[in-house]
Amino acid sequence: MTLTSDLALGSGKPPGGDPARTASAAPGRLTDLFQLGLDAPICLTWELTYACNLSCVHCLSSSGRRDPRELSTAECKQVIDTLERMQVFYVNIGGGEPTVRPDFWELVDYATAHHVGVKFSTNGVKITPDVAARLAASDYVDVQISLDGATAAVNDAVRGPGSYDTALRAMASLHHAGFRGFKLSVVMTRHNIPQLDAFKAIADRYGAQLRLTRLRPSGRGADVWHELHPTVDQQRSLYDWLVAHGEQVLTGDSFFHLSAYGSALPGLNLCGAGRVVCLIDPVGDVYACPFAIHESFLAGSVRDQGGFQAVWRDSPLFASLRAPDTGGACRSCGSYDSCRGGCMAAKFFTGLPLDGPDPECVRGHGEAALAAVDASAAPRPSVDHSHRTVPVTIGRRRPPERGCDESPLAGFAVP
Amino acid sequence: MSTDFDLDRPWRVDPRVSVRPEPFGALLYHFGTRRLSFLKNQRVLAVVRSLADHPSARAACAAAGVTEAELPAYTRALHALAQSSMISERTVV
Ligand code: SF4
Ligand code: SF4
């Protein structure tokens, strides 16, 4: 591009929905702007439920079972009122599988009626042709379908049997309904990096835009990260592929650590945790980033006095994250200006110091650092809603305590 | 940057754009294109917000106290915003 001038920095894709061409145009300057702290987040993720029909091995939020303390419909609407007042432009709704909440469509309608745009992530389970037609009719709703393999074999190994077909059926419905430019979202792993071109072909076939994100050792991802994260050679080929495809492909803030290979990639080139990015979890807890569900990054709750706005503006944790970072061991690195030491969550959950190199540092410093830490001492996620494996029992199974313990879809009717 | 932005025509913030004041200036978000822009000081924000109240962009700039010497920079900013559909020409009735 670049549509920058001295006074206006123009036309970036927003984060999560992906920031800024802007950011790549002037990383330093954008960072300076954000350093002052924003009155409201740009990239707010709101996980509506921990309930999910799937059990993906790398789930960032360790989802599965609904939390009984989940925000009620009325509480969710209060949060939306706050977001409207703060002029949060849109929220990235996720979970769990958000569409299994019986009030999901009601909340989407409430948000858009209150000038808060919605982009929601789904595995596609509820995207019937009727729902797709409704979604296609709204300017203020965007949909992101998760798929982690371009073939059923690669996808289902991570996301579970049948999940590939579910996702493709949903995409076909959206396409058929005339929804153009919905997102096909892929977490990059060792097994699907060879499928980059195939993912692009699937996105093109359904009129979707491809979005590639980084596998981070968050939630259950911590258990599989060591086997699934890309190899050094794969990181390089991913970087080259991203450079070749430029702005056709969204990446959010996923791969700025790869910019140390050369030029910066489109996207947000800094860790925005607590500055640009934050998470509201299903019970209303506010964390610095959706990949940082741990008490160290817990800033408060929307249920506290003052609600979300007070947490965002006044939390001491966020104030400390907004303070200029020193760069630590990365400071002397020639790539620091573009790489900035990488992802805070990736460091934290692999047991690395937050002011040192990313575990996937392209200069190899991460590997050395990982070798020096005791992996078993790395922090564990504080919250886990994974489906419990049901032990084999003889005779009658104990009935579930609540319908939602058995199936998160219980009681759900498609509107 | 070359500019073909017409300062003498009437402009307005696009109806699908939300403007959020921030300590550094403002953020703009366009719901149709799903894109963000940044306004990097309070004066350019004042200009953008008042576009619809003035017969021309030039008048909006003057009312916000933009000097002759500063005008080229403001014109470039408006040009960038027009290119990303954040502001659009309004039809005079
Ligand atoms: S911690 Fe990682 S995922 Fe979270 S905002 Fe920072 S870079 Fe992004
Ligand atoms: S040493 Fe730090 S700044 Fe340099 S490439 Fe590695 S992670 Fe990035």
Side-chain angles (χ1 to χ4, degrees), chain A residues 1-23 25-26 29-43 83-90 92 112 115-119 138-142 181-183 209 247 250 268 276 313 322, chain B residues 1-5 11 13-49 51 57 60-61 64-67 69-87:
Chain A
M1 61 144 221
T2 13
L3 296 175
T4 68
S5 83
D6 310 335
L7 301 167
L9 212 48
S11 201
K13 293 171 195 144
D18 290 69
R21 291 211 279 199
T22 319
R29 283 185 289 165
L30 197 67
T31 316
D32 294 344
L33 297 186
F34 291 161
Q35 217 84 72
L36 290 164
L38 296 174
D39 280 354
I42 298 176
C43 185
L83 301 183
E84 180 184 27
R85 221 176 317 117
M86 294 174 75
Q87 278 192 282
V88 170
F89 303 127
Y90 65 95
N92 302 296
T112 57
H115 312 104
V116 178
V118 167
K119 184 174 82 179
S138 173
D139 243 3
Y140 289 82
V141 183
D142 198 1
F182 67 89
K183 312 296 178 285
Q209 187 169 22
E247 299 189 7
L250 304 174
L268 181 65
V276 182
R313 298 203 177 154
R322 288 164 195 165
Chain B
M1 190 198 282
S2 77
T3 147
D4 46 13
F5 182 82
W11 293 82
V13 175
D14 190 280
R16 284 187 298 172
V17 168
S18 177
V19 179
R20 183 169 100 204
E22 285 289 350
F24 61 80
L27 275 169
L28 271 57
Y29 181 72
H30 191 300
F31 282 95
T33 64
R34 302 207 170 97
R35 285 181 171 264
L36 275 178
S37 287
F38 301 79
L39 301 181
K40 299 204 286 184
N41 69 37
Q42 301 296 337
R43 186 163 296 168
V44 69
L45 170 61
V47 170
V48 166
R49 281 185 143 175
L51 281 173
C61 287
V66 175
T67 66
E70 293 166 332
L71 200 54
Y74 281 77
T75 309
R76 281 195 299 275
L78 292 170
H79 179 64
L81 294 171
Q83 288 215 318
S84 52
S85 312
M86 293 290 176
I87 61 173

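Chain A is the first sequence line, chain B the second, and so forth, proteins listed ahead of strands; every chain is numbered from 1. Heavy-atom basis, side chains included; hydrogens, waters and symmetry copies ignored. What you are looking at is a predicted structure, and each value in this text was computed from that prediction instead of being measured.
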**Study point:** For A/Met86 against B/Arg20, the heavy-atom pair lying closest together
**Key:** O-CD, 3.4 Å
Point to revise | A/Ile42 side, atom CD1; B/Leu36 side, atom CG - distance, nearest 0.5 Å | key: 5.5 Å
Revision key, fill the gap. Under 4.5 Å to a heavy atom of chain A? For B/Leu45 that would be neither
Practice item. Spell out, as yes or no, whether a donor-acceptor pair under 3.5 Å connects the side chain of B/Arg16 to the backbone of A/Asp139. Key: no
Practice item. Identify the two heavy atoms, one from A/Ala40 and one from B/Glu22, that lie closest to each other, and give their separation to 0.1 Å. Key: N-OE2, 3.7 Å
Practice item. Over 60° means perpendicular and under 30° means parallel, so classify the ring planes of B/Tyr29 and A/Phe89, tilted if in between. Key: parallel
Practice item. Identify the heavy atoms of B/Pro21 and A/Asp39 that sit nearest to each other, and give their distance. Key: O-OD2, 3.7 Å
Review point. Tell me, side chain or backbone of B/Val48 under 4.5 Å from chain A's heavy atoms, or both, or neither?
Key: neither
Practice item. Starting at CZ of B/Arg34, measure out to NZ of A/Lys183 and round the result to the nearest 0.5 Å. Key: 5.5 Å
